[in-house]
Amino acid sequence: MQPVAPGATGWSQIAWFMVLGMDLELLSTTLEELGEPGFRAAQVWEWTARGATGYDEMTNLPESLRAELAARVPFSTLELIDQAESRDGTVKALFHTEDGRPVESVMMRYRDGRRSICVSSQSGCPLTCTFCATGTMAFGRNLTTAEIIDQALFFRRIEPIDHCVFMGMGEPMMNLDNVLAACDLLPDVGVTNRRTTVSTVGWLPGIEQFNAQDRPVRLALSLHAADPTLRSKIMPVNDRYPLEDVLDACRKHWRETNRKVFIEYVMLAGVNDHTKHAKQLAAALTPHGAFKVNLIPYNPTGTGYDGSARTTIGSFRDTLLAAGVPATVRLTRGQDIAAACGQLVADKLQAAAVSEDDAVMTTAAT
Ligand code: SAH
């Protein structure tokens with residue numbers, strides 16, 4: 001698939017049709033019925049990508065048309081169900097799709113002005129990583145391109161955004177066509193491909209497809225344990241796609257693009273945080289220049305794991321650095337609003353379990 005470069009050509013030609021993809025027929029019919037010229041759809045997208053909150057703001061559209069569109073073509077594919085703001089400025093949102101599937105997204109605000117959004121690629125996740133709240137939920141389905149970009153547009157309506165990570169619910173490499181189509185639209189919303197990162201458990205066919213396209217999107221691998229037995233225990237996907245094969249695909253990515261692959265390593269107390277684990281990790285990540293490790297303080301989610309102590313994380317990082325592997329400890333954001341992957345839905349399900357009967361709980365979880 002050829003990349004679309006909206007930045008180079010002005011507003012993406014395909015944008016209006018992708019974003020309103022689910023309502024394309026409706027939009028076309030509506031515009032046609034109203035005898036509107038073809039450029040109207042592009043005008044709608046331009047406003048939407050710049051953070052318009054509805055058709056009524058689109059002042060270069062005739063007022064009667066704005067009213068017609070508002071009545072006949074839904075502005076977003078997602079309905080906001082819940083929103084929370086952390087003391088550190090992190091905003092977390094829970095949406096439902098039109099068929100009632102939960103979708104979570106987060107915006108992190110950093111002191112240097114960066115605004116990074118974390119978006120979901122699936123509702124739920126079929127890969128049952130044992131420490132992840134999303135992994136404990138039922139898998140729903142892949143999100144459409146419109147549902148992915150609508151998460152970004154939600155935050156764009158709050159303020160300008162400039163970074164995006166696919167680290168919300170789901171495995172982006174299992175839905176790569178829609179993820180990449182969303183990457184083609186994100187520059188219009190303010191996020192270039194170079195500031196976009198796709199994170200994977202190591203879903204090999206997806207990484208290979210990712211390597212075969214040429215958008216400068218960054219690649220991140222959730223590694224979490226270099227020892228195969230331990231990795232399979234906490235990430236069952238390791239039995240299907242062994243780490244060594246996955247790392248080979250990551251090395252290929254680095255060789256062909258000269259972009260380092262980020263290694264995500266969530267620090268689980270007493271599980272994967274011993275010095276020997278750091279040494280195993282350093283030995284696996286050759287050549288060192290191909291990778292950069294991000295140590296992630298674990299956000300407890302009721303899955304039975306505890307996060308490693310700060311000092312343990314610090315010495316783990318020092319072991320990696322001493323072995324020549326670039327490593328940093330990720331800032332924790334939004335801990336007071338349960339901003340970790342899948343947590344808002346998991347919390348809601350727990351609340352439902354307390355306040356409702358089992359039938360309601362089942363409906364909410366599927
Ligand atoms: N499926 C993809 C993308 C989604 S998860 C992947 O696994 O890479 C994004 C990252 O958040 C992963 O590295 C995941 O391991 C991590 N994560 C999941 N639950 C977490 C938690 N409770 N605290 C901290 N990180 C968590």
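Just so we're clear, the structure is a prediction, and the values are computed from it rather than from any experiment. First listed ligand is number 1; within each ligand, the first listed atom is number 1.
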Taking only non-hydrogen atoms of F131, do any sit less than 4.0 angstrom from ligand 1? yes

So if I count the atoms of ligand 1 from 1 in the order they appear, which ones are less than 4.0 Å from some heavy atom of S222? 6 (C), 7 (O), 8 (O), 12 (C), 13 (O)

Is it true that E32 and R40 have a side-chain N and a carboxylate O under 4.0 angstrom from each other? no

Give a yes or no on whether the backbone of R50 and the side-chain of R156 come within a donor-acceptor separation of less than 3.5 Å. yes

Report the part of N299 (side chain from C-beta onward, or backbone N, CA, C, O) that has a heavy atom under 4.0 Å from ligand 1; answer both or neither where that applies. both

Would you say CD of E63 has more than 12 non-hydrogen atoms from neighbouring residues, nucleotides or ligands within 6.0 angstrom? no

If the cut-off is 4.0 Å to any non-hydrogen atom of V266, which atoms of ligand 1 fall inside it? 24 (C), 25 (N)

More than 12 heavy atoms of other groups within 6.0 Å of R194 CZ: no

Could you check whether E264 pairs with R330 (Lys NZ or Arg NE/NH1/NH2 to Asp/Glu carboxylate O, under 4.0 Å)? yes

Residue-level breakdown please: for L221 versus ligand 1, do any non-hydrogen atoms fall below 4.0 Å on the side chain, on the backbone, on both, or on neither? neither

Over 60° means perpendicular and under 30° means parallel, so tell me whether F316 and Y265 are parallel, tilted or perpendicular. tilted

Using a 4.0 Å cutoff against the non-hydrogen atoms of T301, which atoms of ligand 1 qualify? 22 (N)

With heavy-atom distances below 4.0 Å as the criterion, list the atoms of ligand 1 near F166. 3 (C)

Please check if any side-chain donor atom of E147 sits under 3.5 Å from a side-chain acceptor atom of N178, or the reverse. no

So if I count the atoms of ligand 1 from 1 in the order they appear, which ones are less than 4.0 Å from some heavy atom of T200? 6 (C), 8 (O)

Check contact between G168 and ligand 1, using heavy atoms of the residue and a distance below 4.0 angstrom. yes

Step-by-step salt bridge (Lys or Arg N to Asp or Glu O under 4.0 Å) determination, R215 to D184: CA-CA 9 Å; R215 296 166 188 80; D184 290 337; 2.7 Å; yes

Proximal ligand 1 atoms for G170, defined as those under 4.0 Å from one of its heavy atoms: 1 (N), 2 (C), 3 (C), 4 (C)

More than 12 foreign heavy atoms under 6.0 Å from CG of N258: is that the case here? no

Identify, by atom number and element, the atoms of ligand 1 in contact range of E171, meaning under 4.0 Å from any of its heavy atoms. 1 (N), 2 (C)

Hey, which atoms in ligand 1 end up nearer than 4.0 Å to a heavy atom of Y298? 21 (C), 22 (N), 23 (N)

Judged on heavy-atom distance to atom 15 (O) of ligand 1, which of M169, H224, M167 sits nearest? H224

